[in-house]
Engineer: 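Have a look at this one.
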Amino acid sequence: MIYLADAKEMKSVDSYSIQTLGIPSMVLMERAAYATAVRINALLKERENKKVIAVCGSGNNGGDGLAIVRILHTMGYDASWYMAGDERRATTETAMQLEILGRMGLSPCGGLEALKGAGLIVDAVFGIGLTREVAGEYARTVEAINASGALVCAVDIPSGIGTDRGQVLGCAVKADITVTFGENKLGLVLYPGAAYAGKVFVENIGFPPTAVEQAHIHSFAYEREDLKTCLPKRHPYSNKGTYGKVLVIAGSQHMAGACYFSARAAYGCGCGLVRVYTPCENHDVLLTRLPEAVMTLYDHDHVDLKALEESISWADAVVIGPGLSTDETACRILEHTLKTCAVPLLIDADGLNLLAQEPRLWDLVPEKTVITPHLGEMSRLTGQPVSRLNCHLTEACRDFSRTHKVICVLKDARTVISDGEQICVNLSGNDGMATGGSGDVLSGVIGGFLAAKMTPLQAASLGCFVHGCAGDEARKVKGAYGLLASDIIQYMSKVIR
């Protein structure tokens with residue numbers, strides 16, 4: 001598991017290390033510069049043009065850049081710098097780095113026009129503290145870096161990218177690699193920032209664990225090695241009831257795909273038994289495609305709510321919504337489920353659309369219910385335009401979770417999960433998964449993990465990660481263009497073993 005820090009949290013780690021623990025700022029700067037120089041050396045080792053120019057601001061990010069120039073010079077590189085910031089406003093550490101370079105007899109490059117001759121440019125203009133839009137001479141500097149044709153290494157974060165949301169602040173440097181320090185940053189994993197960062201390297205520069213702990217970093221992401229410890233355990237002395245029972249309330253007349261995908265995915269993540277509550281018309285399809293599922297069928301025009309209630313009481317977790325439709329019958333089914341469900345619940349797709357149509361139903365939603373809206377569904381739930389939600393993913397997810405006391409899985413290229421306090425950003429998955437049925441698969445995976453007695457936040461976060469990892473495995477074989485929801489299910493066995 002990795003931390004994803006925002007600007008305030010990372011500054012807290014830095015200031016605690018320096019002011020409370022007494023680690024000299026210059027020591028941290030030197031370690032950051034050396035780690036970056038090593039990465040640059042590896043990148044340029046096989047290239048002919050080894051000329052490096054660091055474009056530096058007057059803050060400590062600029063000081064990092066100047067120290068990188070000095071270290072690369074000692075490694076034999078033709079290294080120089082360009083001061084984009086005002087030297088008269090340089091921080092103490094940056095001024096010291098300039099003095100050292102002067103004593104070594106090194107001098108800056110001629111100006112921005114020199115960037116076109118560089119093999120690599122070090123972007124050390126702003127760092128993580130930037131909050132305003134890049135304009136004026138700084139904007140021209142960013143444009144010159146991007147137009148240079150050189151490789152670009154960003155120091156800590158590409159200049160112009162917001163640390164907390166990954167937004168482009170006017171304009172931003174497009175880096176080939178980013179070397180960031182201590183912990184990864186939200187702005188480096190959220191889009192569009194992730195697209196500007198290139199390959200990200202997180203370097204340990206000596207922040208003590210106590211400095212990180214006191215910052216209370218509230219965002220995290222899973223890594224592949226976490227699957228070894230986080231997945232539900234299998235036991236030799238067990239049976240199908242040991243691994244949970246999921247009820248999938250899904251599908252509508254002659255629309256069996258969504259309930260099939262959810263039910264099949266629940267089995268795929270280790271669930272012992274899956275029951276599907278769906279219209280009679282879907283019987284033959286489900287019997288053919290998923291004979292392992294128990295079926296409870298209903299007549300769309302005469303719904304047997306007692307059978308629904310019995311199915312809910314049988315389950316360890318309930319998934320409702322995929323392909324359900326938003327007609328009066330579906331609304332009755334959702335309302336009765338909300339009134340009677342006493343086990344962990346996930347609401348997806350048409351279940352969310354019904355909540356948007358009938359806000360009164362929110363009063364019936366149990367606390368810690370998992371909801372899985374994509375941006376369009378979230379827009380209908382909140383009344384906010386997709387364009388705003390897209391720019392405030394973490395805040396929108398966390399605030400909605402906090403207000404409605406649910407676990408929100410806000411699906412996008414970077415899915416964000418929150419319980420109102422913690423935030424998980426899912427780093428697995430790929431654009432090939434933008435295909436019909438993929439979201440239904442996700443609801444089944446999370447439902448299966450809920451039935452396995454994971455906490456709702458754990459089930460939602462790990463479910464998203466496993467779903468994305470399975471999609472990544474499928475893409476290796478199927479490619480991005482022809483990837484289907486059924487492929488995601490098929491390749492879950494490569495992830496969950």
Engineer: Taking all atoms of both residues into account, what is the closest heavy-atom pair of P322 and A349, and its distance?
Structural biologist: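 Closest heavy-atom pair between P322 and A349: CA-CB, 3.9 Å.
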Engineer: Tell me if a side-chain donor or acceptor on T278 pairs with a main-chain N or O of N282 at a distance below 3.5 Å.
Structural biologist: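 A pair under 3.5 Å: no.
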Engineer: Taking all heavy atoms of G437 and all of F261, pick out the closest pair and write down the distance.
Structural biologist: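 It is CA-CD1, 4.0 Å.
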Engineer: What pairs with K174 under salt bridge (charged side-chain N to carboxylate O under 4.0 Å, His left out), at least two apart in sequence or on another chain?
Structural biologist: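 Per chain and number, K174 pairs via salt bridge (charged side-chain N to carboxylate O under 4.0 Å, His left out) with no residue.
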Engineer: What distance separates I446 CD1 from L462 CG, expressed to the nearest 0.5 Å?
Structural biologist: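 Reported to 0.5 Å precision, the distance equals 10.0 Å.
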Engineer: For M255, look at atom CE and say whether over 12 heavy atoms of other residues, nucleotides or ligands are found less than 6.0 Å away.
Structural biologist: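 Atom CE in M255 is not packed in, count stays at 12 or less.
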Engineer: With sequence neighbours left out, write down each residue that passes ring pair (Phe, Tyr, Trp, His ring centres under 6.0 Å) with H374, or none if nothing qualifies.
Structural biologist: none
Engineer: So F465 and V495, do their side chains get closer than 4.5 Å, heavy atoms only?
Structural biologist: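 Side-chain contact under 4.5 Å: no.
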Engineer: Can you find a side-chain donor-acceptor pair between E367 and H404 that sits under 3.5 Å?
Structural biologist: no
Engineer: Does any donor atom in the side chain of S443 or S262 lie under 3.5 Å from an acceptor atom in the other side chain?
Structural biologist: yes
Engineer: Side-chain contact test, heavy atoms from C-beta onward, threshold under 4.5 Å: evaluate it for M433 versus H467 and give yes or no.
Structural biologist: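 Sidechains of H467 and M433: in contact.
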Engineer: Would you say NZ of K405 has more than 12 non-hydrogen atoms from neighbouring residues, nucleotides or ligands within 6.0 angstrom?
Structural biologist: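 Incorrect, the count does not exceed 12.
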Engineer: Roughly how far, to the nearest 0.5 Å, is CZ of F181 from CG of D14?
Structural biologist: 11.0 Å
Engineer: How about Y3: does its OH atom have over 12 heavy atoms from other parts shown lying under 6.0 Å from it?
Structural biologist: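 12 or below, so no.
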Engineer: How about R289: does its CZ atom have over 12 heavy atoms from other parts shown lying under 6.0 Å from it?
Structural biologist: no
Engineer: Does a side-chain N-to-carboxylate-O contact under 4.0 Å join E328 and R332?
Structural biologist: no
Engineer: With distance as the sole criterion, is a donor-acceptor pair present between the side chains of H218 and E421 under 3.5 Å?
Structural biologist: no
Engineer: Given the rule in the side chain to side chain donor-acceptor pair (under 3.5 Å) test, do E309 and H336 qualify, once you have shown the distances and angles that lead to the verdict?
Structural biologist: CA-CA 8 Å; E309 197 166 331; H336 197 71; 3.1 Å; yes
Engineer: Regarding S401 and D419, is there a side-chain donor-to-acceptor distance under 3.5 Å anywhere?
Structural biologist: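 No, no side-chain donor-acceptor contact under 3.5 Å.
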Engineer: Between D399 and A396 (side chain of the first, backbone of the second, donor and acceptor by atom type, cut-off under 3.5 Å), is there such a pair?
Structural biologist: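 Here the side-chain-to-backbone pair does not exist.
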Engineer: S238 and Y243: side-chain donor and acceptor closer than 3.5 Å?
Structural biologist: yes
Engineer: Can you see whether K185 engages T180 through a side-chain donor-acceptor pair at a distance of less than 3.5 angstrom?
Structural biologist: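 Per modelled atom types, K185 and T180 side chains form a pair under 3.5 Å.
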Engineer: Is a donor on one side and an acceptor on the other found under 3.5 Å between the side chain of Y491 and the backbone of D472?
Structural biologist: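 No.
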Engineer: How many angstroms lie between CZ in F220 and CD1 in I2, if you round to the nearest 0.5 Å?
Structural biologist: 10.5 Å
Engineer: Within the distance-only criterion (no hydrogens, no angle test), does the side chain of K411 pair as donor or acceptor with the backbone N or O of T372 below 3.5 angstrom?
Structural biologist: yes
Engineer: So how far is it from D348 CG to I371 CD1, rounded to the nearest 0.5 Å?
Structural biologist: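 Separation between the atoms: 10.0 Å.
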Engineer: Decide whether S379 and Q384 meet the rule of one side-chain donor and one side-chain acceptor closer than 3.5 Å.
Structural biologist: no
Engineer: Is the shortest distance from a Lys or Arg side-chain nitrogen in E473 or R224 to a carboxylate oxygen in the other one below 4.0 Å?
Structural biologist: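 Yes.
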Engineer: State whether the side chain of T337 and the backbone N or O of I333 hold a donor-acceptor pair below 3.5 Å, judged by distance alone.
Structural biologist: yes
Engineer: Quick one about R275 and T296 (side-chain donor to acceptor, distance below 3.5 Å, no hydrogens or angles considered), yes or no?
Structural biologist: yes
Engineer: So, does Y267 use its side chain to make a donor-acceptor pair with the main chain of E292 at under 3.5 Å?
Structural biologist: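 Looks like yes, one N/O pair under 3.5 Å.
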Engineer: Between the side chains of D123 and S159, is a donor N or O closer than 3.5 angstrom to an acceptor N or O?
Structural biologist: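 Yes, a side-chain donor-acceptor pair sits under 3.5 Å.
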Engineer: Sequence neighbours left out, what pairs pass side-chain hydrogen bond (donor to acceptor under 3.5 Å, both in side chains) with at least one residue falling in residues 189-212?
Structural biologist: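 Output for this query lists R39-E203.
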Engineer: What are the two closest non-hydrogen atoms of A221 and D226, and how far apart are they?
Structural biologist: O-OD2, 4.4 Å
Engineer: For V303 and L308, what are the C-alpha separation, side-chain angles and deciding distance, and is it a side chain to side chain contact (heavy atoms under 4.5 Å, CB included)?
Structural biologist: CA-CA 9 Å; V303 179; L308 172 61; 5.8 Å; no
Engineer: Regarding D327 and H300, do their side chains bring together a donor and an acceptor under 3.5 Å, going by distance alone?
Structural biologist: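 Yes, a side-chain donor-acceptor pair sits under 3.5 Å.
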Engineer: Just one of L450, D316, V318, L247 clears the side-chain contact (heavy atoms from CB on, under 4.5 Å) bar with V343, so which one?
Structural biologist: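 Only one of L450, D316, V318, L247 forms a side-chain contact (heavy atoms from CB on, under 4.5 Å) with V343, namely V318.
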Engineer: Going from CG on L4 to OG1 on T163, what distance comes out if it is rounded to the nearest 0.5 angstrom?
Structural biologist: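 The OG1 atom of T163 is 12.5 Å from CG of L4, to the nearest 0.5 Å.
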Engineer: Under 3.5 Å, side chain of E358 to main-chain N/O of L355, donor-acceptor pair present?
Structural biologist: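 It does not hold such a pair.
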Engineer: On a heavy-atom basis, which atom in C271 and which in V246 lie closest, and how many Å separate them?
Structural biologist: SG-CG2, 3.5 Å
Engineer: Short question: side chain of D164, backbone of A7 - any donor-acceptor pair under 3.5 Å?
Structural biologist: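 Yes, D164 side chain to A7 backbone: donor-acceptor pair under 3.5 Å.
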Engineer: Give, for atom CD1 of I417 and atom OG1 of T394, the distance between the pair rounded to the nearest 0.5 Å.
Structural biologist: 12.0 Å
Engineer: Will you find, in the side chains of R414 and N426, an N or O donor that is under 3.5 Å from an N or O acceptor?
Structural biologist: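 Short answer, no.
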Engineer: Can a donor-acceptor pair be found, under 3.5 Å and without considering hydrogens, that links the side chain of T242 to the backbone of N239?
Structural biologist: yes
Engineer: Donor-acceptor pair, S438 side chain versus T435 backbone, under 3.5 Å?
Structural biologist: no
Engineer: Shortest non-hydrogen contact from G323 to A258?
Structural biologist: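 Heavy atoms of G323 and A258 come nearest at N-CB, 3.7 Å.
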